[in-house]
Undergrad: 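I have a structure I would like to understand better, so I am pasting it below and will then ask my questions one at a time.
Values reported hereafter were calculated over all heavy atoms of this structure, with side chains retained and with hydrogens, waters and symmetry mates removed.
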Amino acid sequence: MGNIHTVGPNEALVISGGCCGAENRKYIIGGWAWAWWFVTDAQSVSLEVMTLNPICESVETSEGVPVTVTGVAQCKIMRAPDILKNACEQFLGKSPEHIENVILQTLEGHLRAILGTLSVEAIYQDRDQFAQLVREVASPDVGKMGIEILSFTIKDIFDNVEYLSSLGRAQTANVKRDADIGVAEANRDAGIREAECDKIRMDSKYRADASIADSSREFKMQKAHFDSEVNTKKAEAELAYELQGAKEKQRIRNEEMEIEVVERRKQIDVEEKEILRKEKELIATVKRPAEAAAYKMTQIAEGQRFQTVEVARAEAEKIRLIGGSEAAAIEAVGKAEAERMRLKAAAYKQYGEAAMLHLVLETLPKIAAEVSAPLSKTDEIVLVGDDRTTSEVSRLISQLPPAVQALTGVDVSKVLGKLPGASSH
């Protein structure tokens, strides 16, 4: 039984032991391998870049000046099989800090050795050459350990005896002196050159001014001519523009009038349709209800008229029937009365004055009742003056026969005189 071991592209896997002898170790970069338990050993080593900061403090140069130098180195284990084998033999199982420390001490040793062979000026003025020299000297030694120096640069150089600052001050003074001389010479040359340039400039200026004046005159003449043509064309253009504007305004006005005509036509159509709608609305809301009401009133009046006519007809028929009945009754009564009168007349004719007397005697009570009717309503009669009651009664009675004769044509006195046992007075 065993395990599968995997490593990334920044690591190298070393399989050793078991059936793999010392000469048959397996080196896998960015892959996997099978390792048996108890008999196979699987270890890995990093191939990543290591950043080192070698520092050499107070190292005397070839001139005996102590300087301190700091640098930056980028190193890594190389991937070539033979070189990787050497690196694994020396660093397999070691921590990254141990590996960095070994490489750092090697670089610092070579850096100290090289500093002792160079002057301060050579180190300070040509840092790249100094770094290249360190890289060339240290590469064989670290290469034997399977390490490759990717880059090495000098980070800083300084000293504690102010040698670099003094060197800088002297150099600064020389530079300032040379600079002042250079400035003076430059000013002198500049003045001479400036005067020459001024002369050339003024000559050029005068020629240029003359040329400018000539060109200005020509320009003004051309401009006046062009302005005249431009103004003419501009006036023509303005007139054409105004004419075209007037035409456009007239066309727009025509279009507006046509639009107004169309709008008025549409408005007239709308108003006509509104009138038709109003008419229909009036017909629906006024005329039709009025016609319905008129028809209703007509029908009611016709019904009332018919009712009245029928009632009148019924009343007339009733009256006619009642009148016919009454006429028949009156006719019957009249015929009966006439028959009675005829019979009376026949009886009177037969019996003569006796019948007349009987009629008069039947009538006298009625006449007396009519005469005395006013007196029957009188409670008391008071006679004032002479007592003529008897004479008045006698007079009243004496007037009765003439009145009866006048009414009936029968002389009561004569009739009564003919009765048996009646006296003439």
Side-chain angles (χ1 to χ4, degrees), residues 257-381 396 399-412:
M257 292 179 66
E258 290 181 0
I259 292 172
E260 290 178 358
V261 170
V262 172
E263 288 180 352
R264 289 186 179 181
R265 287 178 181 175
K266 294 294 183 181
Q267 187 176 2
I268 291 171
D269 293 339
V270 171
E271 290 177 354
E272 289 178 353
K273 291 181 180 179
E274 183 66 17
I275 291 170
L276 293 176
R277 189 188 68 79
K278 287 288 186 181
E279 289 181 355
K280 291 180 179 180
E281 182 180 357
L282 290 174
I283 290 172
T285 59
V286 178
K287 184 177 180 181
R288 295 304 182 193
E291 290 179 353
Y295 179 76
K296 179 180 178 181
M297 296 299 295
T298 303
Q299 294 298 316
I300 293 172
E302 186 67 24
Q304 290 178 353
R305 184 185 67 78
F306 180 77
Q307 181 182 1
T308 303
V309 171
E310 293 298 323
V311 170
R313 287 179 180 176
E315 290 292 333
E317 185 66 19
K318 177 182 177 182
I319 294 170
R320 187 182 66 78
L321 293 175
I322 294 173
S325 300
E326 289 179 353
I330 293 171
E331 184 180 1
V333 171
K335 287 181 179 180
E337 187 67 27
E339 184 63 21
R340 186 177 69 80
M341 292 299 293
R342 187 183 66 77
L343 293 176
K344 279 185 177 184
Y348 289 159
K349 185 177 180 181
Q350 183 178 357
Y351 294 103
E353 293 181 354
M356 293 295 292
L357 180 60
H358 177 71
L359 179 61
V360 169
L361 291 176
E362 288 182 350
T363 307
L364 285 177
K366 297 179 179 179
I367 294 172
E370 294 294 331
V371 172
S372 62
L375 296 176
S376 63
K377 300 178 179 179
T378 305
D379 295 334
E380 184 178 0
I381 298 175
L396 180 59
Q399 290 179 355
L400 184 59
V404 172
Q405 184 178 3
L407 294 172
T408 62
V410 179
D411 189 357
V412 178

Undergrad: Could you check Lys273, Glu281, Glu279 and say which one makes a side chain to side chain contact (heavy atoms under 4.5 Å, CB included) with Arg277?
TA: Glu281
Undergrad: Quick one: pull up CE in Met257 and CZ in Arg264 and give me the separation to the nearest 0.5 Å.
TA: 9.0 Å
Undergrad: Rounded to the nearest 0.5 Å, what's the gap from CD1 on Ile283 to NZ on Lys278? Could you check?
TA: 13.5 Å
Undergrad: Mind running salt bridge (charged side-chain N to carboxylate O under 4.0 Å, His left out) on Glu310 and Arg313 for me, showing each step along the way?
TA: CA-CA 5 Å; Glu310 293 298 323; Arg313 287 179 180 176; 3.4 Å; yes
Undergrad: Would you give the length of the straight line joining atom CD of Glu258 to atom CD of Glu260, rounded to the nearest 0.5 angstrom?
TA: 11.0 Å
